[in-house]
Amino acid sequence: MNHILVLFGTIVAVACVTIAQAAADDCKIDYMANQTKSSKEYIAEGCYSVRCDNLSLTEVPKDYPDPPTNKSLCFLDLSWNNFDQLKNNSFVNAANLNTSLIRNLYLDNSNISYISSNAFLGLSSLLYLNLSGNNLIWPSGFGKGVFKPLSNLTYLNVKENNLQTFEGLGVELGYTKLGGIYAELCANCTFGKEFEQLEHLVNLSLSGRSKDACNVSVIHNNTFEGLTKLQRLWISSCNIEEIEANTFSPLKENLTLLDISYNEKLNFTRMNTALYGLRNSSKLQILNVNRIHNVHDIGVAVKGCDLENLRTLRALTTLHMDLNKIEIFEEEIFNPISMFPSSLRDLTLSGNRLSFGNYINFIHNATNITCLDMSRQHLYYDPFLYEHFEPENTQEESIVADEKCMLNKTLDFSKYTCNDSCFVCIPPNLRRVKWRKSFLNFNTEMNLHICGASKLLNLDLSFNLLTKLKGSITGLENLQHLDLSENYCSEVAPAFFDNFRNLEHLNISGNILGVAFGQTSSYLSNKIFRNLTQITDLDLSNNRIERFSDRHIFKGLRNIKFMYLHSNLMGDWKYAMPKSKSLKLLDLSRNKLSTLSNKLRAYLDTLCQGTHCNVSLILKNNPLECSCKTLPFLKWMLSTKVDVERDECKFNAEQRNISGNEALHTMIETLENKECLDKSWQTWTVGIICAIVGCFMSIVIGVVVYRYRWKLRYIYYSRNRRFNHEGFERLFENDAFVSYSKCKASFIKNNMVPSLEEQRGLRLWVADRNSIPGTSIAETITHGIYNSRKSVLLIDTDYLKDSWCDYEMNMVHVESTEAKRKLIIIVLMENIPLENLPINVMRFLRSERSLEYPEHGHDLDVFWTNLADEIMS
Ligand SMILES: *[C@@H]1O[C@H](CO)[C@@H](O)[C@H](O)[C@H]1NC(C)=O
Ligand SMILES: *[C@@H]1O[C@H](CO)[C@@H](O)[C@H](O)[C@H]1NC(C)=O
Ligand SMILES: *[C@@H]1O[C@H](CO)[C@@H](O)[C@H](O)[C@H]1NC(C)=O
Ligand SMILES: *[C@@H]1O[C@H](CO)[C@@H](O)[C@H](O)[C@H]1NC(C)=O
Ligand SMILES: *[C@@H]1O[C@H](CO)[C@@H](O)[C@H](O)[C@H]1NC(C)=O
Ligand SMILES: *[C@@H]1O[C@H](CO)[C@@H](O)[C@H](O)[C@H]1NC(C)=O
Ligand SMILES: *[C@@H]1O[C@H](CO)[C@@H](O)[C@H](O)[C@H]1NC(C)=O
Ligand SMILES: *[C@@H]1O[C@H](CO)[C@@H](O)[C@H](O)[C@H]1NC(C)=O
Ligand SMILES: *[C@@H]1O[C@H](CO)[C@@H](O)[C@H](O)[C@H]1NC(C)=O
Ligand SMILES: *[C@@H]1O[C@H](CO)[C@@H](O)[C@H](O)[C@H]1NC(C)=O
């Protein structure tokens with residue numbers, strides 16, 4: 001019986017080993033070269049890593065993949081396995097592994113509950129050990145002297161375990177060179193005197209990584225006794241309600257950073273108590289107290305007495321007080337006697353609920369502040385979750401914007417201060433102000449004078465409600481960066497930017513300035529950028545711009561380098577080019593360009609005269625055209641030194657990729673050797689046929705009246721016409737007049753009308769539907785043609801035989817020449833041999849836009865889209 005058991009046991013053991021071995025073969029060699037270097041990973045030349053993560057290993061492998069020549073294994077990732085225990089000698093005598101070269105060892109999330117004393121034997125160079133996410137309990141989960149072999153260990157990560165005390169840990173870690181511990185605070189845990197022997201310990205993170213990971217309501221005054229050398233301490237997200245008065249006093253001499261953010265049950269009063277032990281500190285530079293008030297609290301008024309201890313921190317340069325529901329400050333806070341420490345440079349108050357109060361009149365007293373961030377007032381949104389928080393901490397927090405409250409709390413300058421002329425004084429050393437997403441509104445015609453802003457270089461007012469910039473602002477003459485993006489702005493006074501003489505970067509993207517830019521008589525119209533001679537970056541993207549009424553709008557930009565005009569509705573570019581010789585980027589992507597003007601091409605080429613040229617032009621996502629007409633433009637793209645980014649073009653109503661030079665070259669050859677040749681040959685034949693027929697007709701008939709019959713009819717029927725359409729494109733009643741043969745009536749009713757009117761929102765004039773009863777057919781047709789932007793002729797054999805169709809075709813032609821409108825779109829409904837086409841149709845085919853009705857049903861959608869584009873173009 002016993003023998004059988006032993007045998008069975010052996011078989012199981014062998015099986016397990018085999019499984020573990022087999023799994024170990026799945027370890028992957030990974031060169032660290034392309035990985036991001038974080039402070040905890042010591043990347044060195046000649047190193048490679050082996051990843052054995054997520055393989056359900058139950059034993060540490062004894063065999064690793066063959067090393068690459070001349071490289072040693074330094075990073076060993078064994079995370080996400082299922083080890084339960086780490087046995088003695090887990091790493092020594094493994095094939096292809098020299099333990100004394102391992103620097104980083106990842107053993108996180110591997111269900112480890114016990115580590116034997118000699119488990120880490122041989123790992124004498126280990127710097128970083130990740131044991132987070134296991135079941136380790138201190139001290140019972142660790143064999144005695146377990147850290148002894150790790151004489152060079154610098155960072156230890158034991159977060160998300162179950163250490164219930166830190167007692168004795170200091171002694172055990174005394175064998176190492178520990179500089180940082182990542183753990184979680186536990187109730188009544190203390191770092192006693194024994195930690196004093198950790199000479200190098202300067203970083204301690206005790207923050208909670210998940211909602212309940214760290215749950216300590218009171219931090220007692222003996223907690224950090226032994227950490228006198230500590231320089232940086234993070235205890236955020238720990239549900240702390242109270243920190244006793246002298247808790248931090250042992251740290252006073254060396255602490256430079258303290259983060260007690262995200263302890264919502266703390267408040268400013270108890271923050272003050274917590275800082276008691278750090279009074280008069282000459283070391284503490286950075287203090288993070290973001291969200292130490294409950295989200296559901298009523299607004300907070302910051303009182304002078306709550307900052308009593310903070311004020312004494314004489315080295316404090318950076319203070320983050322975001323997301324605290326601060327509504328007002330007591331005036332005295334910005335008063336000379338009782339304000340923030342004079343050393344403060346960088347203050348963030350974003351995500352609060354600041355409203356205007358008298359403190360505004362004192363704010364300029366905060367003389368040393370250089371960076372002020374007041375973004376996102378009235379939004380309970382955490383902008384700094386990843387910025388100011390401990391970087392390794394990737395706590396997910398629900399991002400809630402409380403819309404109800406935001407909307408009623410608009411900061412209205414006009415209400416607060418004055419009606420037409422206001423003074424605001426700001427701290428004289430301010431260099432950067434961020435005031436984003438705060439529902440700032442500024443739409444009065446107010447003149448704002450800002451004093452004390454001579455050092456202000458950077459002003460970010462994006463995502464507010466500055467809908468009309470009509471007044472003027474003085475005092476910002478030295479400003480270099482101005483961000484007014486995403487403000488729903490539809491009007492800017494021509495003189496608005498006049499005082500921003502040193503502006504280098506201007507961002508007014510994401511507004512709705514298109515209409516204002518396009519109107520000749522607009523408020524904005526001329527010379528809006530006239531004084532911005534220093535500007536290098538101009539962002540006008542996403543503004544629904546169709547055109548600029550001011551042709552010289554960019555002329556004065558002498559130093560422009562980057563122009564962003566993407567995501568607009570521009571159909572062409574006919575503006576005077578900037579005087580700048582240093583343009584590097586012109587982004588015209590996502591517009592409606594079919595080609596580029598000669599002028600723009602020539603300008604870009606002049607920038608590129610030297611041997612190397614670093615000018616880029618972005619034309620992606622434009623309806624570029626590949627046709628005989630645009631051939632010079634296509635050739636230019638191929639030959640120019642300018643880097644042109646492009647994607648597709650429309651060639652005979654289908655999209656062709658021309659992003660590469662080769663594809664473009666092929667396209668040009670196709671056009672030159674086939675399309676355009678054919679056309680020119682056609683022109684030639686048509687020309688000759690025309691000439692012959694013309695001669696023939698004039699000789700044989702020779703009747704002037706006959707020759708001019710269409711014009712005469714046109715004049716006759718257009719006698720009631722009230723206005724010329726030129727320049728009044730919007731006044732057409734219909735988008736397109738449709739001319740078709742009688743037998744196509746059902747096609748019109750069942751296919752064309754649904755596709756163009758119902759799906760694409762166009763308005764068509766269709767004889768069978770739109771004729772007015774009682775008027776003559778001739779008159780109705782003429783009326784239809786006048787009142788439609790385009791005329792679509794659906795040509796098939798029946799059409800060519802139908803006399804009314806002939807009538808329509810000729811009237812359309814006369815209208816197009818008389819009114820100088822490009823209105824004809826030919827659709828060839830079937831394949832008609834060239835020789836059967838009448839001359840006037842051939843003439844149209846040569847000079848007008850034409851499409852072919854597809855033979856295959858699956859091309860129909862593209863066809864209707866193209867036709868709709870042609871009608872709307
Ligand atoms: C390995 O190192 C030796 C001497 O340092 C050198 O001669 C050899 O070229 C190296 N081999 C590779 C593949 O780098
Ligand atoms: C590991 O080694 C230590 C020291 O040699 C020894 O005391 C301990 O019993 C060993 N543990 C196991 C599980 O073998
Ligand atoms: C491991 O690396 C060290 C340092 O390069 C070297 O001295 C030692 O001989 C190596 N050990 C083995 C077994 O290769
Ligand atoms: C983790 O280890 C414990 C024993 O310490 C075991 O009971 C449990 O099943 C293991 N968990 C998983 C997911 O394997
Ligand atoms: C090390 O532990 C942290 C938890 O503190 C974890 O986020 C990280 O992914 C671990 N590192 C690796 C390489 O697994
Ligand atoms: C602060 O750190 C320095 C350098 O590590 C050390 O010499 C000094 O003793 C520390 N201060 C206290 C109060 O321990
Ligand atoms: C710490 O707090 C206890 C009571 O909670 C108090 O008796 C003791 O004096 C305090 N020690 C210091 C140094 O403040
Ligand atoms: C903080 O909480 C304490 C106790 O609940 C209260 O007395 C104090 O007024 C609060 N301070 C602020 C600024 O809300
Ligand atoms: C802090 O400094 C002030 C004077 O600058 C002094 O009156 C006060 O006693 C000091 N407090 C502590 C706790 O050192
Ligand atoms: C905001 O104002 C509107 C109208 O002014 C009102 O209907 C709404 O109830 C207000 N919302 C809140 C949260 O006060």
Side-chain angles (χ1 to χ4, degrees), residues 16 19-20 23 54-59 79-87 107-116 131 133-137 140-141 160-162 177-180 191-204 217-218 224-233 240-244 246 248-257 260 263-275 277-278 280-284 289 291-310 315 321 324-330 333 352-353:
C16 285
I19 289 167
N54 228 331
L55 295 175
S56 307
L57 300 178
T58 54
E59 297 271 341
S79 56
W80 298 97
N81 284 301
N82 195 0
F83 296 125
D84 185 26
Q85 296 203 359
L86 285 187
K87 307 220 169 76
L107 284 162
D108 48 298
N109 300 295
S110 289
N111 201 20
I112 301 170
S113 55
Y114 187 76
I115 304 177
S116 303
L131 287 170
N134 286 300
N135 298 327
L136 292 164
I137 300 176
S140 61
E160 293 180 88
N161 277 287
N162 200 7
K177 287 199 180 134
L178 216 58
F191 293 88
K193 292 274 180 214
E194 48 170 322
F195 280 85
E196 276 177 18
Q197 61 174 318
L198 300 180
E199 300 257 335
H200 311 281
L201 186 62
V202 290
N203 294 318
L204 179 62
S217 56
V218 183
F224 300 115
E225 249 177 354
L227 298 176
T228 50
K229 296 181 190 71
L230 205 65
Q231 291 174 9
R232 283 172 284 272
L233 176 62
I240 301 168
E241 284 171 38
E242 188 186 346
I243 300 175
E244 287 183 0
N246 273 317
F248 296 133
S249 46
L251 314 180
K252 184 171 161 184
E253 253 182 55
N254 284 315
L255 198 68
T256 59
L257 179 151
I260 50 173
N263 290 300
E264 293 182 19
K265 293 176 193 147
L266 211 63
N267 64 19
F268 284 130
T269 310
R270 286 184 290 237
M271 171 196 80
N272 190 50
T273 313
L275 294 176
L278 294 172
N280 291 0
S281 161
S282 56
K283 282 282 165 64
L284 193 71
V289 288
R291 190 169 282 185
I292 56 168
H293 271 268
N294 196 314
V295 190
H296 306 294
D297 271 358
I298 49 165
V300 171
V302 181
K303 300 194 200 75
C305 58
D306 288 340
L307 299 181
E308 208 172 18
N309 291 329
L310 192 150
M321 289 184 121
N324 277 314
K325 288 221 148 181
I326 300 173
E327 244 167 45
I328 54 166
F329 284 94
E330 276 190 356
I333 289 173
N352 283 297
R353 316 184 71 194

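Side chains included, hydrogens not; waters and symmetry mates left out as well; all remaining heavy atoms used. Just so you know, ligand 1 is whichever comes first in the structure, and atom 1 is the first atom listed for that ligand.
- Within ligand 6, counting atoms from 1 as listed, the ones closer than 4.0 Å to a heavy atom of Glu253 are 11 (N), 12 (C), 13 (C).
- For atom 7 (O) of ligand 4, no protein heavy-atom neighbour is found at a distance under 4.0 Å.
- At distances below 3.5 Å, at least one donor-acceptor pair connects side-chain atoms of Asn267 with backbone N or O atoms of Thr269.
- The N/O atoms of Lys229, backbone and side chain alike, include none that comes under 3.5 Å of an N/O atom in ligand 6.
- Summarising the geometry, atom CD belonging to Glu59 is positioned 4.0 Å from atom NZ belonging to Lys87; distances are rounded to the nearest 0.5 Å.
- Remark: minimum distance from atom 11 (N) of ligand 8 to any protein heavy atom is reached at Thr269 OG1, 2.5 Å.
- Atom 14 (O) of ligand 8 is flagged as protein-proximal [any protein heavy atom, distance under 4.0 Å].
- No side-chain donor-acceptor contact under 3.5 Å links Ser217 to the backbone of Glu241.
- Proximity to Asp306 (heavy-atom distance under 4.0 Å) selects the following atoms of ligand 8: 13 (C).
- Listed by atom number, the atoms of ligand 4 under 4.0 Å from Ser113 heavy atoms are 5 (O).
- For the atom pair CD1 (Ile112) and CG (Asn82), the distance works out to 9.5 Å, reported to the nearest 0.5 Å.
- Counting heavy atoms from C-beta outward, Leu201 and Lys229 have side chains that stay 4.5 Å or more apart.
- Residue Leu251 comes nearest to Leu227 through the heavy atom pair CD2-O, 3.2 Å, listed as atom of the first residue, atom of the second, then distance.
- Going from atom CD1 of Ile137 over to atom CG of Asn161 covers 9.5 Å, rounded to the nearest 0.5 Å.
- Residue, atom and distance of the protein heavy atom nearest to atom 3 (C) of ligand 8 are Asn267 ND2, 3.6 Å.
- Near Arg270, meaning under 4.0 Å from one of its heavy atoms, ligand 8 places the atoms 2 (O), 3 (C), 4 (C), 5 (O).
- Ranking the protein heavy atoms by distance from atom 4 (C) of ligand 4 puts Asp84 OD1, 3.7 Å first.
- Ranking the protein heavy atoms by distance from atom 2 (O) of ligand 4 puts Asn111 ND2, 2.5 Å first.
- The aromatic rings of Phe268 and His293 are tilted relative to each other, their planes meeting at an angle between 30° and 60°.
- Interface of His293 with ligand 8, defined as ligand atoms under 4.0 Å from a residue heavy atom, comprises 14 (O).
- With respect to atom 1 (C) of ligand 6, the closest heavy atom belonging to the protein is Asn254 ND2, 1.5 Å.
- When only interatomic distances are considered, the shortest N/O to N/O separation between Asn82 and ligand 4 falls below 3.5 Å.
- Using modelled atom types, one side-chain atom of Asn81 and one backbone atom of Ser79 make a donor-acceptor pair closer than 3.5 Å.
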